[in-house]
Structures are given as C-alpha cells and as structure tokens.
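To start, the structure itself, in structure tokens.
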Protein chains: 2
Amino acid sequence: MTLTNNTFTGEYAYSLDSKGRINIPAKFRQSLSDDNEGTFVIARGMDSCIWVYPLIQWKEIESNLRNLSSLSKINRTFVRNTARYASPSTYDKQGRIILTPSLIDYAGLDKEVLIVGMVNKIEIWDPATLAETDQQNMEIDPAAYDELAKQIIL
Amino acid sequence: MTLTNNTFTGEYAYSLDSKGRINIPAKFRQSLSDDNEGTFVIARGMDSCIWVYPLIQWKEIESNLRNLSSLSKINRTFVRNTARYASPSTYDKQGRIILTPSLIDYAGLDKEVLIVGMVNKIEIWDPATLAETDQQNMEIDPAAYDELAKQIIL
DNA sequence: TAAAATTGTGGGTAGTAGTGGGTAATATTC
DNA sequence: GAATATTACCCACTACTACCCACAATTTTA
C-alpha cells in the first residue's frame, strides 16, 4: 500500500556507491506518478542536504523561475543560485539515480547516507550532519512549534 | 533525461580553445528544440558574463526591439547596446559554438570557463569573475531574497 | 515451508562526450 | 590576379557515462 501519488514519508539508511549512485527506496519509486517518467530533479537543499523533487514538482519551480525578469539583479542571483546546482536524474533499471559531485560535496556525503521523506520531496543527508541539525533545532521557539502543531495535527 | 525543451540547469567546467570555440554541454544541446536549428545567439550579459539564448528565444527579444520607436533617444541607445554585441552561432559536429573576440574580452574569459544553466538561457563565465560576483551577492538584502524564495520554492 | 519475485549493491563495457588539431574553401589585402 | 589571412568543415584521441549483467539478501507468494 502506498500513500497518495508523489508523497514521501519515512527514513531509510542507504549507501552511496563509488560512481555517485544512490538507490531511491522502492516505496518512493512506487509513489512516483507515471508522468514523472521515472525522473527526479536533485538540487541544493536549504539545510546541508540534497533535495530530490519529482520532475513534475520541479517543473512548477522552473516555471516560476522562468517568469522572473533578468533585469533585476536579485532575480538573476536567485535564478542562478537555484538552477546552477539542479539537474534531472532518471533512475536506472536498479532504481538508482546519480548525484553530481558538486551536490555530494555540498551535503558532505560519505558512503552511509540517510534518505528522508519530506511529503512532497525527498532529502538526502549525511547521518552526522542530520544529527547536528536536529540538535540545533532544539533551540527553536517551543511556543511557535506548538502553534504550528495545533494547525496541522489532528 | 532532459527537462522541458529549451530549459537549462546545472554548472559545467569547460574550456575555451585557441579558436574561440566552446562546447555546449550535451544536455543543453539535447534540450534545444529542433526549431532552433542548432543555433544560439550570444550577447552581452548584464553581469560580466556572456548570455547564450536559444535562437527562438532571441527572436522574441528581437521582436520587442523592433517595436521600440527610434524617435526616442533612450530607445535608440538601448537597441544599439543590445543588438551591437549579439550574434548567432550554430554549433558544429562536435557541439561547439564560436564566441566573438569582443564578447570573450567583455567576459574576461581565459581557457578555463564555467557554463551555467539559467533555465531559459545559458551563462558563460570566467571562474574568478563568477566567484567575485557570488561574493558581492552575499550583500543582497536577505529579507528580499527570502521573500523571493517563498514565492518560488516548494 | 519452499519457491519465486523483489530489493539493494557492485562492477564491466560499448558508445558518447569533450578536446585538439589539420585541411580545404572562402574572404581579404596588396 | 597572386599572396595571405580567415573561416568552416573534417578527423582523431581520450575519458567518461549510460547501459547492461550479476549476485546476495530480503520479502512475497504458493
């Protein structure tokens, strides 16, 4: 049983091989709707991780970027920073996508890797980096956190 | 796998040869729709880089320029500055386009070159110049940048 | 419980991509 | 018109990548 299409939950410990390939958990692939043509787009995450979008999800972002006028400097910077590290990756017969050296470096990935479902996208983390990030997030304002929870959780 | 037609993402380290030729990444060429007939238009970028447009994209700009009345001085200046350094370039059997000496000089290009996908166009940079530009862009108002991100990123 | 299918991981290989240089055709100059 | 320079087209080499097969471990099915 899978959740709604293009919805990802759960955490998986997988490994990155010497060719920069990483397996996408079977459950995630099964959740991916056919119009994605087995393709994800990998990009820099806002934390020190890699964001993996289903293709059609990325196309929305792409469309937003396309509408930004290049006459404004901040727009050019934003488009550059976003597009620069993004690249499509179709999984092979074994269900693996290829990560770029640039993104592997950005996320500080070694062989052991954590794959985290983020509902509409997927995150790829170095285990130690994620643990550190968890620690730092303890400092988030508990009241604001609770307020958010109230709106979301039933 | 390629994204939508005429969409460019990712960063590539390529080299400019002694004849002023530079390879267009295979992924970019594959993304180029057939009605471009393998042709790009190179022009001065707004930062110190070269902008490379798919031909049909440039034709839109050209059409906009055509509609500017030459009666206004500012219009004449704008048209002149835009058209002056623009020239079409069809890639050869190896996938290379030829840059003009004027544009190579403008972007301060040496042998090592960075090619950056900017969604609807391509930028060609000198690595050091791009690094400087990145530094300068750190000074952009973070609030405005975040606001932009909120609207674009999913 | 046994058999079959699926999943995650590793590695080999043919074809392609990026780079450099040569030569013929064209244009330019004297 | 001849000599020179410039451009366009062609060929060749190397490195890498996309694709293929293999296998162990786990899960599903009968």
Side-chain angles (χ1 to χ4, degrees), chain A residues 1-2 8-32 37-42 50 52 55 87-105 109-117 122 124-127, chain B residues 1-3 8-32 37-42 50 52 55 87-105 109-117 122-127:
Chain A
M1 176 60 195
T2 60
F8 313 103
T9 62
E11 183 180 69
Y12 301 83
Y14 276 36
S15 63
L16 184 66
D17 72 17
S18 60
K19 293 183 179 179
R21 296 178 298 191
I22 190 165
N23 208 303
I24 297 293
K27 282 192 179 175
F28 289 1
R29 293 198 307 265
Q30 286 153 8
S31 166
L32 196 69
E37 303 169 57
T39 304
F40 292 93
V41 174
I42 54 176
I50 299 175
V52 183
L55 176 61
S87 76
S89 192
T90 305
Y91 58 77
D92 65 17
K93 245 180 206 169
Q94 282 68 19
R96 294 169 294 194
I97 59 172
I98 298 184
L99 304 182
T100 64
S102 160
L103 286 174
I104 291 174
D105 182 65
L109 299 187
D110 210 335
K111 189 168 192 308
E112 314 279 313
V113 157
L114 287 179
I115 302 181
V116 181
I122 301 163
I124 301 179
W125 285 88
D126 173 70
Chain B
M1 177 60 198
T2 61
L3 297 175
F8 313 103
T9 64
E11 184 181 70
Y12 301 84
Y14 276 33
S15 62
L16 183 66
D17 72 16
S18 59
K19 295 182 181 178
R21 296 178 299 190
I22 190 165
N23 208 303
I24 297 293
K27 281 191 178 177
F28 289 2
R29 294 197 308 266
Q30 286 154 9
S31 166
L32 196 70
E37 303 169 54
T39 304
F40 292 94
V41 174
I42 53 176
I50 299 175
V52 184
L55 177 61
S87 72
S89 191
T90 305
Y91 59 77
D92 64 18
K93 240 181 209 168
Q94 280 67 23
R96 295 169 293 195
I97 59 172
I98 298 184
L99 304 181
T100 64
S102 159
L103 286 174
I104 291 174
D105 181 65
L109 298 187
D110 210 336
K111 189 170 192 306
E112 313 279 314
V113 157
L114 286 179
I115 303 181
V116 181
I122 301 164
E123 287 182 346
I124 301 180
W125 285 88
D126 173 70

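Chain letters run A, B, ... following the sequence lines, proteins first, then strands; residues in each count from 1.
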What is the nucleic acid contact for Asn23(B), judged by heavy atoms within less than 4.0 Å: base, sugar-phosphate only, or nothing? base

Is there a donor and acceptor pair closer than 3.5 Å between the side chain of Lys111(A) and the base of dG10(C)? no

Separation of dA17(C) P from Asp92(B) CG (nearest whole Å): 13 Å

Could you tell me how the ring of Phe28(B) sits relative to the ring of Phe8(B): parallel (under 30°), tilted (30 to 60°) or perpendicular (over 60°)? perpendicular

Can you see which heavy atom on Ser87(A) is nearest to which on Thr100(A), and at what distance? OG-CG2, 3.6 Å

Would Lys111(A) and Asp17(A) satisfy side-chain contact (heavy atoms from CB on, under 4.5 Å), going step by step from the backbone distance to the final call? CA-CA 7 Å; Lys111(A) 189 168 192 308; Asp17(A) 72 17; over 6 Å; no

Would you classify Ser15(A) as touching base, sugar-phosphate or nothing, given that sugar-phosphate means primed atoms plus P, OP1 and OP2, and contacts are heavy atoms under 4.0 Å? sugar-phosphate

Taking for each residue the nucleotide of DNA chain C bearing the nearest heavy atom, is the 5' side occupied by Ala26(A) or by Arg21(A)? Ala26(A)

Given dA12(D), dA17(C), dT9(C), the nucleotide with the shortest approach to the side chain of Gln94(B): dA12(D)

From CZ of Arg96(A) over to C1' of dC21(D), roughly how many Å is that when rounded to an integer? 11 Å

To the nearest Å, give me how far apart CG (Leu16(B)) and C1' (dT19(C)) are. 12 Å

Mind calculating the distance between NZ (Lys93(B)) and C1' (dA17(C)) to the nearest angstrom? 16 Å

Taking it one step at a time, do Leu99(A) and Ile97(A) satisfy side-chain contact (heavy atoms from CB on, under 4.5 Å)? CA-CA 7 Å; Leu99(A) 304 182; Ile97(A) 59 172; 4.1 Å; yes

Looking only at non-hydrogen atoms, find the nearest pair between Glu112(A) and Asp126(A) and report the distance. O-OD1, 4.3 Å

Once you round it to whole Å, what is the distance between C1' of dG11(C) and CD1 of Ile98(A)? 14 Å

If only side-chain N and O atoms of Gln30(A) are considered, is one of them under 4.0 Å from the OP1 or OP2 phosphate oxygen of dT7(C)? yes

Select one nucleotide: of dC10(D), dG12(C), dA17(C), the one nearest the side-chain heavy atoms of Lys19(A). dG12(C)

Measure the distance from OH on Tyr91(A) to C1' on dA18(D) and round it to the nearest whole Å. 17 Å

Between Tyr12(B) (OH) and dT19(C) (P), how many Å, whole number? 13 Å

Whole Å only: how far is the CD1 atom of Ile22(A) from the P atom of dG10(C)? 11 Å

